[in-house]
*Asks:* 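First the structure, which I've put down as structure tokens, then a few questions once you've had a look.
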Amino acid sequence: MQITDLQKQFDGKIVTDIPSLAIELGASYVLWGANGTGKSTFLRLLAGILTSDSGTIEDPLSISYQPQHPYIFKMSCLQNVMLGLHEDRENDACEMLDCLGLAGQINASATSLSGGQLQRMFLARSLLGNSELLLLDEPFAAIDSDCADEIVRFTLAHCKEKGRTLMAAVNAQEHRDILGEYCLFFSSDGQVQLHTSK
Amino acid sequence: MDAVELIHIIGITLVVCISSTAIASALAAPLSLLLGMGDGRQVKALRTVVTALSNIPPVVAGLLVFMLTNSDGPLGWLGIGFSITAMVVAQVMVITPLMASILFPAFLEMRGDFLETCKGIPLRTVKIYTLLFRECKYLCLSAVLIGFGRAMAEVAAVSLAGGDIKGQTRVLTTAIMTTTHQGEFTQAFVMAGILIAIVLFANILASRVKEKG
């Protein structure tokens with residue numbers, strides 16, 4: 001997927017400005033930068049939630065996107081995860097919830113889950129999707145630090161196994177180090193620089 | 001007035017109110033979707049119009065239907081003047097904006113995170129809207145019951161559109177007016193009691209449903 005001259009402004013201020021960026025299938029990207037530097041805006045532009053002021057995206061990949069504050073559907077944890085999935089994938093959904101430490105909450109109402117449990121539930125739904133590019137906006141922020149690293153590693157391993165491209169905005173250095181095959185540094189003027197650990 | 005006539009009046013009342021509530025629900029659902037999920041200047045203007053129409057005086061709706069459907073009116077050829085159909089049309093005009101104005105602000109409030117999440121999964125448009133109504137099911141049911149309560153209690157629109165014809169278009173509210181004018185206060189009180197019981201039942205149900213949601 002090739003992004004060229006992608007730009008977005010809010011009230012005359014450039015929030016995102018990407019002259020050229022090639023997104024590699026199967027790679028993992030971390031979005032890194034201070035608050036308000038346009039990481040979420042970039043993800044929303046890629047997901048089609050926002051429309052860019054200019055720029056093109058060639059050879060687009062199929063995309064799924066997990067926003068920073070996903071809506072909590074008033075249904076069970078399993079039903080939330082099953083949204084968008086075919087009925088015959090219920091076993092996969094249960095296994096995924098188990099892997100993410102939610103085996104005991106499968107039939108619990110999603111509205112009764114804690115913040116960390118909710119993020120795991122949202123992550124389970126995102127990981128079970130079939131899109132080529134998975135966009136995650138701060139997906140580990142509310143997860144307990146003692147098991148967050150394990151979940152980050154699991155997320156990366158799962159995407160690698162499925163050949164999906166992972167692009168995640170994170171705010172913890174250790175998560176950046178685990179995921180950051182490529183790192184997109186966002187600065188306050190909307191500029192984005194690509195660094196690679198390869 | 002004998003028991004048979006009273007039962008007939010209650011029957012017509014329920015037919016008119018249930019029909020108009022059903023039709024208004026079918027109209028209010030897509031209208032609320034448009035107002036709650038839509039964007040643009042026209043949609044904003046329409047929100048203002050619908051909110052204003054939710055307080056439309058029923059007598060205006062009745063007058064409009066009367067003017068359109070009486071034998072000299074532009075729709076006189078339809079032959080629905082002073083009929084149950086005309087009464088239903090008048091009530092639909094009164095309760096559709098009322099129901100829509102209950103639903104669309106809720107849709108507007110939840111649309112940001114809801115739409116972003118659904119599009120991100122990604123879900124198809126039909127699935128998104130089905131989920132939206134599922135998420136707001138108690139509010140929807142509450143809107144339906146409030147609409148029904150309004151239709152039951154309404155007198156001016158059905159009186160003008162239906163003409164209060166004995167045995168044909170006489171409903172509880174118009175019958176109460178007529179019997180009161182005739183000095184038959186006992187009959188009027190009995191019918192008022194029945195009307196209050198039905199309206200109270202609908203309103204209590206609406207409150208319970210709203211609390212549950």
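Lettering of chains follows the sequences in order, A, B, ..., and the numbering in each one begins at 1.
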*Asks:* Counting heavy atoms not belonging to Phe201(B), are there more than 12 under 6.0 Å from its CZ?
*Replies:* no
*Asks:* Got a sec: does the CE of Met37(B) have more than 12 other heavy atoms crowding it under 6.0 Å?
*Replies:* yes
*Asks:* Does atom CD of Gln173(A) have more than 12 heavy-atom neighbours, drawn from other residues, nucleotides or ligands, at distances under 6.0 Å?
*Replies:* yes
*Asks:* Considering only heavy atoms, which portion of Ile63(A) lies under 4.5 Å from any heavy atom of chain B: side chain, backbone, both, or neither?
*Replies:* backbone
*Asks:* Which bit of Leu135(A) comes within less than 4.5 Å of chain B, counting heavy atoms only: side chain, backbone, both or neither?
*Replies:* neither
*Asks:* Heavy-atom pairs under 4.5 Å with chain B: which of Gln68(A), Gln66(A), Arg44(A), His69(A) has the most?
*Replies:* Arg44(A)
*Asks:* Counting only heavy atoms from other residues, nucleotides and ligands, does the tally under 6.0 Å from CD of Glu5(B) exceed 12?
*Replies:* yes
*Asks:* Would you indicate whether Gln2(A), at its atom CD, is surrounded by more than 12 heavy atoms from other residues, nucleotides or ligands within a distance under 6.0 Å?
*Replies:* yes
*Asks:* Against chain A, label Leu123(B) side chain, backbone, both or neither, depending on which of its atoms sit under 4.5 Å from a heavy atom there.
*Replies:* side chain
*Asks:* Hey, mind stepping through Thr117(B) and Phe73(A) against side-chain contact (heavy atoms from CB on, under 4.5 Å) and telling me if it holds?
*Replies:* CA-CA 10 Å; Thr117(B) 303; Phe73(A) 293 93; 4.1 Å; yes
*Asks:* Where the side chain of Glu135(B) meets the backbone of Lys74(A), is there a donor-acceptor pair that is under 3.5 Å apart?
*Replies:* yes
*Asks:* Step through the shown structure and confirm whether more than 12 heavy atoms of other residues, nucleotides or ligands are within 6.0 Å of CZ on Phe189(B).
*Replies:* no
*Asks:* Measuring from atom CD1 of Ile121(B) to atom OH of Tyr65(A), what distance do you get when rounded to the nearest 0.5 angstrom?
*Replies:* 12.5 Å
*Asks:* Measuring only between side-chain heavy atoms, which start at C-beta, is Leu83(A) closer than 4.5 Å to Leu131(B)?
*Replies:* yes
*Asks:* Would you mind reporting whether Phe114(B) and Pro70(A) have side-chain heavy atoms less than 4.5 Å apart?
*Replies:* no
*Asks:* Around atom CD of Glu174(A), are there more than 12 heavy atoms of other residues, nucleotides or ligands at under 6.0 Å?
*Replies:* yes
*Asks:* Which region of Arg134(B), side chain (C-beta onward) or backbone (N, CA, C, O), has a non-hydrogen atom less than 4.5 Å from a non-hydrogen atom of chain A, or is it both or neither?
*Replies:* side chain
*Asks:* For the residue pair Glu116(B) / Tyr71(A), report whether a side-chain donor-acceptor contact shorter than 3.5 Å exists.
*Replies:* no
*Asks:* Can you confirm whether more than 12 heavy atoms, excluding those of Lys160(A), are under 6.0 Å from its NZ atom?
*Replies:* yes
